[in-house]
2 protein chains.
Amino acid sequence: MKIKIFDVKQITKYVIKNSLKRIFLYRACLVRLKLMGVKKVFSYTLANETGVTADQVRKDFSEFGIKGNKRGGYEVEELLEKMENIFHRNKDHNLVLIGMGNMGLALSKYSRFVQRNMNIVATFDIDPFKQKIRSDIPVYSMGRLKEIIDRFRVKVAILAVPEISAQEVADELIRFGIKGIVNFAPVLLKVPADVVVNNVNLCDELESVIYYVHKMMKVDGLKNIEILYRDMKY
Amino acid sequence: MKIKIFDVKQITKYVIKNSLKRIFLYRACLVRLKLMGVKKVFSYTLANETGVTADQVRKDFSEFGIKGNKRGGYEVEELLEKMENIFHRNKDHNLVLIGMGNMGLALSKYSRFVQRNMNIVATFDIDPFKQKIRSDIPVYSMGRLKEIIDRFRVKVAILAVPEISAQEVADELIRFGIKGIVNFAPVLLKVPADVVVNNVNLCDELESVIYYVHKMMKVDGLKNIEILYRDMKY
DNA sequence: TTTTATATGTGAATCTTCTCACATAAATGC
DNA sequence: GCATTTATGTGAGAAGATTCACATATAAAA
């Protein structure tokens, strides 16, 4: 039986594909190479610089419809341009940031967003006076959320509010038309199926490193293990 | 030909396994359920709460050697204890944080680390006086790095320095015995094979959301598309 | 105590991602 | 201009992750 979709709120299993993450790597690498004056790269150039295999680089490009020149590699400039298009980086993206605690304040001052055409047009807090002095971006009370979202046609929000109010704020954001959320609160948000949520959990990031470090040290540090020589990449 | 491994510096393809990420989800969920007074859960309880399938939950548990009671589900308390062991959360973990810019300052104030037995014992900056007033944790100059790492037996570091000095600082950390790095600088660090690096790239996190939002809106918002009804989870 | 109902744990099947391998195209050399 | 070299692009095969399915085991019911 087929029926129309509701705007059912649910936890959507939303995972950023590894291939997309790798494309970001390649791009970061290309930006650096471009600054160094490099005009042309090969799949193995990017592979060496990013720690993946050359095959993988080409397969990833293939997935995203990026083509190079047979035998000639890829023009750095051209490659970057194609990526700009894929990631809609040619146009500006307006963002709102909710929650001006420590993390919110730091994010509002993070200059790299602007460098990549992502502008936090306004920040919000239940107590807008709290960080007003220290912030470079206007801090509004939550009451003005709808107005700003409409005015700047904002589609993506950064959520840096305390765990306890995260769901509530997310609901509000979605009601006002937000379609994507980068969520720094350690909660799984329940959202309609057409809203994208990307959770950034700082504790988890740390804990997984601790986990792998322990695991690695148990394998005896590799110090005395004879293994096949691997090509030196540095 | 087999030869002993060098401490070759290279970019290691280090990706946190999805199964590990999911285990973190389950745990967060269990902590919440425990607070609510829940004593026992079933695989489908966790599944519903985390947006994965019940099969997946059981397979993940199986991978990490977690066993429940046939027909009886899992004791919340017992499950959490097993996870504590797996993640070495029963003992304290001392960390150092390098770079007291905006992000570093925010991280140094992030109370959740302490709640999970992760203590930032000291922070470092080339200009230790910069944030001294605002910080709750001692801010040292880089010169005292070795001393502190040794004294507190630190194995994991948080790197929040500017891109330009990230590699240099990482080299130093590793020379002083650091085995795991959570790197907030948008650079791929080149490290020996026995060092774990987890990159947290805030721009990438945002950009991938923007990418998926665009993609989703292109599929026309799902608004008028007839699709199979999905179980409401909320 | 015996029966029944139900949730686990895990092989087998499927689906996805990655690696391999090679045909192909195009620069370079002769 | 022809031969040769070399990097691309992509099917095919391998590896890995997820889902399915069912044989347990056991808690609850009778």
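In what follows, chains are A, B, ... by sequence order, proteins preceding strands, each numbered from 1.
Taking the charged nitrogens against the carboxylate oxygens, B/D204 and A/R116 do have a contact shorter than 4.0 Å, which makes a salt bridge.
No donor-acceptor distance shorter than 3.5 angstrom exists from the side chain of A/D55 to the backbone of A/K59, with no hydrogens or angles considered.
Here D/dA17 presents its P atom at 13 Å from NZ of B/K21, a figure rounded to the nearest Å. Rounded to a whole Å, the CG atom of A/L20 is 15 Å from the C1' atom of C/dT17. Between the CG atom of A/N48 and the P atom of D/dA7 there is a distance of 12 Å, given to the nearest Å. As rounded to whole Å, 6 Å separates atom P of C/dT8 from atom CZ of B/R58. In this structure, B/D55 atom CG and C/dT14 atom P are separated by 15 Å, rounded to whole Å.
Relative ring orientation between A/H88 and B/Y211 is described as tilted, the plane-to-plane angle lying within the 30° to 60° band.
Annotation: proximity of residues 59-83 of chain A to DNA chain C (heavy atom, distance under 4.0 Å) is found for A/K59, A/K70, A/R71, numbered in ascending order.
For B/Q56 and D/dT19, the shortest distance from a side-chain N or O to OP1 or OP2 is below 4.0 Å. Look at B/T53 and you'll find a side-chain N or O under 4.0 angstrom from OP1 or OP2 of D/dT19.
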Please list every donor-acceptor pair under 3.5 Å in which a side-chain atom of residues 27-43 of chain B meets a protein atom from a residue at least two apart or in another chain.
from, atom 1, to, atom 2, distance (Å)
B/R27, NH1, A/E207, OE1, 2.9
B/R27, NH2, A/E207, OE1, 2.9
B/R27, NH2, A/E207, OE2, 3.3
B/R32, NH2, B/E49, OE1, 3.0
B/S43, OG, B/R58, NH1, 3.3

All N/O donor-acceptor pairs, side-chain side in residues 64-81 of chain A, below 3.5 Å, sequence neighbours left out:
from, atom 1, to, atom 2, distance (Å)
A/N69, ND2, A/G73, O, 3.2

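Side-chain proximity of B/F42 to the nucleotides C/dC20, C/dT8, C/dC18 is greatest for C/dT8.
A/E205 and A/N201 share no side-chain donor-acceptor pair at under 3.5 Å.
Within the nucleic acid shown, A/S19 has no heavy atom closer than 4.0 Å to any nucleic acid atom. A/K17 comes within 4.0 angstrom of sugar-phosphate atoms only, judged by non-hydrogen atoms across all strands, and of no base.
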